[in-house]
Amino acid sequence: MTAIISCTDVSRTYGSGRDAVVAIHGVTCEVREGDKIAVVGSSGSGKTTLLHLLSGLDGPTTGEIHRYDAPVGIVFQGPSLLPPLDVTENVALPLLIAGCDGGEAEDRAREALRQVGLAGLGKRLPEELSGGQAQRVAVARVLAAAPRLIIADEPTGQLDSAHADEIISLLLGVADDLEAGLVIATHDPAIAERLPYRWEMCDGTLGRQTC
Ligand code: ADP
Ligand code: MG
């Protein structure tokens, strides 16, 4: 399988001097097309830091990250929709930013919303959605942009287990459709079990387990 991103001996330190916090260190890993990876580990173990580096939101302090020119889609734990924009506009926005024509962006947004089962909610504002619906919209936003790598940081952290299961099913389906790599941070063992690979973060280092 083709590699999408690889990290070699990567570290990320926040702050400096006596206040420095080494969030992750010595991390070497690779995500390939079609990989589905659960990043598990206790709070503070470095999951979010690693996901930010994989998604390109942040850069490493030391080490190397090589991206194979792969667009990335991100699903966050909490609310991430822009409040003044309706659902369709939220899904279309990354496409518009990427230079897509307005009509095409809207068509792709509508199609993605249909695929996540929200065809009827395009005109709603984020504040009119339940937490589960808002996360579906966030998944639709990723789907519409068709990335090669999908990063989700505790995407079900604020949902009950039934809705959590639905969101994970959607993410797995979207990753299959796009033949994308999928990396989900979670501390829910039931969710981690649904993904074939497990990366275990412990005090900023990465161990690996394949289930
Ligand atoms: P997790 O997502 O597993 O809870 P994080 O990656 O958020 O772990 O955090 C790893 C470590 O880095 C923790 O000790 C945390 O307090 C610290 N940390 C995270 N972000 C920052 C920041 N912006 N500034 C300082 N320390 C941070
Ligand atoms: Mg975190």
Side-chain angles (χ1 to χ4, degrees), residues 2 4-5 31 33-37 48 51-58 67-160 162-186 191 194-195:
T2 314
I4 302 170
I5 186 166
V31 183
E33 284 174 0
D35 278 351
K36 297 186 176 72
I37 299 157
T48 293
L51 264 55
H52 282 178
L53 295 179
L54 291 176
S55 44
L57 292 173
D58 189 18
R67 301 167 191 288
Y68 299 84
D69 195 23
V72 180
I74 308 172
V75 179
F76 298 93
Q77 174 175 357
S80 65
L81 304 178
L82 296 181
L85 301 186
D86 73 23
V87 162
T88 307
E89 291 166 339
N90 262 287
V91 175
L93 184 63
L95 301 173
L96 294 172
I97 290 170
C100 197
D101 155 88
E104 190 198 333
E106 193 169 321
D107 286 348
R108 280 169 62 179
R110 285 219 190 86
E111 174 57 20
L113 286 165
R114 191 190 60 72
Q115 286 185 48
V116 303
L118 294 181
L121 301 190
K123 290 284 168 215
R124 288 217 190 156
L125 290 171
E127 67 182 19
E128 298 168 319
L129 302 175
S130 70
Q133 286 169 339
Q135 280 308 65
R136 273 178 185 261
V137 176
V139 175
R141 184 171 54 183
V142 166
L143 177 60
R148 304 300 292 154
L149 175 61
I150 302 170
I151 303 285
D153 191 3
E154 314 249 10
T156 62
Q158 297 179 2
L159 303 179
D160 61 54
H163 286 109
D165 248 9
E166 285 175 18
I167 291 293
I168 298 303
S169 299
L170 271 178
L171 282 169
L172 290 167
V174 166
D176 278 339
D177 289 349
L178 299 175
E179 295 176 12
L182 175 65
V183 181
I184 302 179
T186 180
I191 288 175
R194 299 190 58 190
L195 288 97

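At least one side-chain heavy atom of Pro155 sits less than 4.5 Å from a side-chain heavy atom of Leu171. By the 4.5 Å heavy-atom criterion applied to side chains, Ser130 and His163 are not counted as neighbours. The side-chain heavy atoms of Thr88 and Glu106, taken from C-beta on, include a pair separated by under 4.5 Å.
Among residues at least two apart or in separate chains, ring-ring contact (aromatic ring centres under 6.0 Å, His included) pairs with a member in residues 67-89 are His66-Tyr68.
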Checking side-chain contact (heavy atoms from CB on, under 4.5 Å) for the pair Gln77/Asp153: CA distance, chi angles, key distance, verdict?
CA-CA 6 Å; Gln77 174 175 357; Asp153 191 3; 5.6 Å; no
Criterion salt bridge (Lys or Arg N to Asp or Glu O under 4.0 Å) on Glu111 and Arg108, from CA distance to verdict
CA-CA 5 Å; Glu111 174 57 20; Arg108 280 169 62 179; over 6 Å; no
Can you list the steps and then say if Ile37 with Ile184 is a side-chain contact (heavy atoms from CB on, under 4.5 Å)?
CA-CA 6 Å; Ile37 299 157; Ile184 302 179; over 6 Å; no
Passes side-chain contact (heavy atoms from CB on, under 4.5 Å), Asp165 versus Arg194? Steps please.
CA-CA 9 Å; Asp165 248 9; Arg194 299 190 58 190; 3.4 Å; yes
Show your reasoning for whether side-chain contact (heavy atoms from CB on, under 4.5 Å) applies to Ile74 and Val142.
CA-CA 7 Å; Ile74 308 172; Val142 166; 5.8 Å; no
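Every residue meeting the salt bridge (Lys or Arg N to Asp or Glu O under 4.0 Å) condition with Arg136, not counting sequence neighbours, appears here in chain and number order: Glu166.
Put simply, CD1 on Ile4 and CG on Asp69 are 12.0 Å apart, with the number rounded to the nearest 0.5 Å. Within the model, atoms CD1 of Ile191 and OG1 of Thr156 stand 3.0 Å from one another, a figure rounded to the nearest 0.5 Å. If you take CG on Leu118 and CG on Leu129, they are separated by 8.0 Å, rounding to the nearest 0.5 Å. To the nearest 0.5 Å, atoms CD (Glu89) and CG (Leu125) are separated by 8.5 Å. Here OG of Ser55 is found 8.0 Å from CD1 of Ile5. Values are rounded to the nearest 0.5 Å. Distance check, rounded to the nearest 0.5 Å: CD of Gln135 to CZ of Arg141 gives 9.0 Å.
Minimum heavy-atom separation, Ala138 to Leu81: N-CD2, 4.4 Å. Listed here is the closest heavy atom pair of Val91 and Ala112: CG1-CB, 4.4 Å. Pairing each heavy atom of Ala70 with each of Arg148, the nearest pair is CB-CB, 3.7 Å. Summarising the geometry of Leu82 relative to Asn90, their closest heavy-atom pair is N-OD1, 2.7 Å, with the distance given to 0.1 Å. For the residue pair Leu170 and Gln115, the shortest heavy atom distance occurs at CD2-O, 4.3 Å. Across every non-hydrogen atom of Ala180 and Pro147, the tightest pair is CB-O, 3.6 Å.
Under a 3.5 Å cut-off, the side chain of Glu104 and the backbone N or O of Asp101 do not form any donor-acceptor pair.
Dense packing is recorded around CD of Glu128, with more than 12 heavy atoms of other residues, nucleotides or ligands lying under 6.0 Å away.
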